[in-house]
2 protein chains.
Amino acid sequence: MTDSPPAPPAPEKTASPGPARSRREQIHEVASRLFSERGYHGASMRDLAAELGMQGGSLYAHISSKEALLIEIVEGAARQFEAALLDLASDPRPADTRLREAMARHLTVVADNLESATVFFHEWKHLSPEAYARVTQWRDTTEAFYRELVAQGIREGVFRADLDVKMTANLILSAVNWAYTWYRPGGRLSPREVASRYADLLLGGLRPPPQEATP
Amino acid sequence: MTDSPPAPPAPEKTASPGPARSRREQIHEVASRLFSERGYHGASMRDLAAELGMQGGSLYAHISSKEALLIEIVEGAARQFEAALLDLASDPRPADTRLREAMARHLTVVADNLESATVFFHEWKHLSPEAYARVTQWRDTTEAFYRELVAQGIREGVFRADLDVKMTANLILSAVNWAYTWYRPGGRLSPREVASRYADLLLGGLRPPPQEATP
DNA sequence: CCTACCGATCGGTAGG
DNA sequence: CCTACCGATCGGTAGG
């Protein structure tokens, strides 16, 4: 054996189980944080490299471009939302039960991925046209999911018949999405508890239930 | 007549009535649009100057720095929110009526200032420490306003006694703030109509009212 | 993964 | 408000 080449940089490949993450995963993780804190254009590749203990140019041994990094972060978030809601579209339970579950899952994705969710909500407009179109597609699918859920609830009779389907879906989406601005891990309530309180509020309303004359 | 000096750049000074806006106001307006579309770091001063038909360096005859521009846009938005809600804190009407009015005003500020509202929500973290502190202060005041409104509603008996005050305020804020992502002028509903539907939903809930046995 | 570097662009200034 | 320019920094590449 003569001069051995530089040690191959670990398993590489895709998501390996256990706490040992590949360099690519580390890059994505730190990039999500920097992009969420400083914005896509406000975070430089040299900042990113420095946090990983390497030189700016060395990043390009692992990724092809800054924009590819953004695309992967945003689409990764989109896929998580999609995966969380997909099977609920064909769930046979009543719409109010499914609304509770959808909000819990949606809010859990936000809370468990605060950084990439923030990048998703703030930076998706800076994507190239193709990636932009895919994310728009995703948004439309999610909106359609909640509108269909509301419409089904009306048909089932578990929701009021006079609901404005579009505005109701918008209100639900506001609740679960806006959480990225205020939810912080370690707070008083878990994501499911937040979702449960939100669902209680949305389903029952703020007004007291009509009182049967207090004796 | 020989070579006349370049025409003095119009009235200058502060907000003039009528459609003729000062150069400073034009700069603020275009900057709000560019910052909202491309982000603060993604929009360059040369982009801004080009849209106003001038050279990059010429902007500095009107403003002191890019960051001063951001500060003024963000604080301008904060002041608008504050002005819209301020007198409602001491309004004597019942809490449900005041909630309707607060949501209508809040949503109107968002809808009538979509660009600066977007800059406000996305870029306030990039402010210098002093401006950052002032905006944080504003956020706290607004949250406190909605929490107090909810708490008063409970005391008055117009809201359920078992409400989680903080989560209820968060839900209200989610609805009115998130509108910056989807509301577009010229749509089906005016800001007040959106707010009215949201308030109906929040006050009455999604569930049908308890039915007196259909005859 | 590093050194060394590329052209482009950034916010901002001097002097008119 | 323009011309001309400053130093700094940007994303990215060549060659090892």
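Sequence lines set the chain letters: A, B, ... in the order given, protein chains first and strands last, and positions in each chain run from 1.
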- Query: With the sugar-phosphate defined as primed atoms, P, OP1 and OP2, and the base as all remaining atoms, what B/S/- string results for nucleotides 3-16 of chain C, 5' to 3', for protein heavy atoms under 4.0 Å?
  - Reply: B-B----BBBB---

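Contact of the B:R33 side chain with the B:E51 side chain is registered, since non-hydrogen atoms from C-beta on lie closer than 4.5 Å.
Between B:F120 and B:F81, the gap from one ring centroid to the other is short of 6.0 Å.
With sequence neighbours excluded, the residues forming a side-chain contact (heavy atoms from CB on, under 4.5 Å) with B:Y60 are B:M45, listed by chain and number.
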- Item | Intra- and interstrand pairs of DNA chain D - dot-bracket, Watson-Crick/G-U under 3.5 Å, | marks other strand | ||||||||||||||||

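A cation-pi arrangement, defined by a distance under 6.0 Å to the six-membered ring centre and an angle within 45 degrees of its axis, is present between B:K66 and B:Y40. With B:W138 as the aromatic partner, B:R79 does not meet the cation-pi criteria of under 6.0 angstrom to the ring centre and within 45 degrees of the ring axis.
Between the side chains of A:R46 and A:Q55, not a single donor N or O lies within less than 3.5 Å of an accepting N or O.
Side-chain atoms of A:R23 do not come within 3.5 Å of backbone N or O of A:H62 as any donor-acceptor pair.
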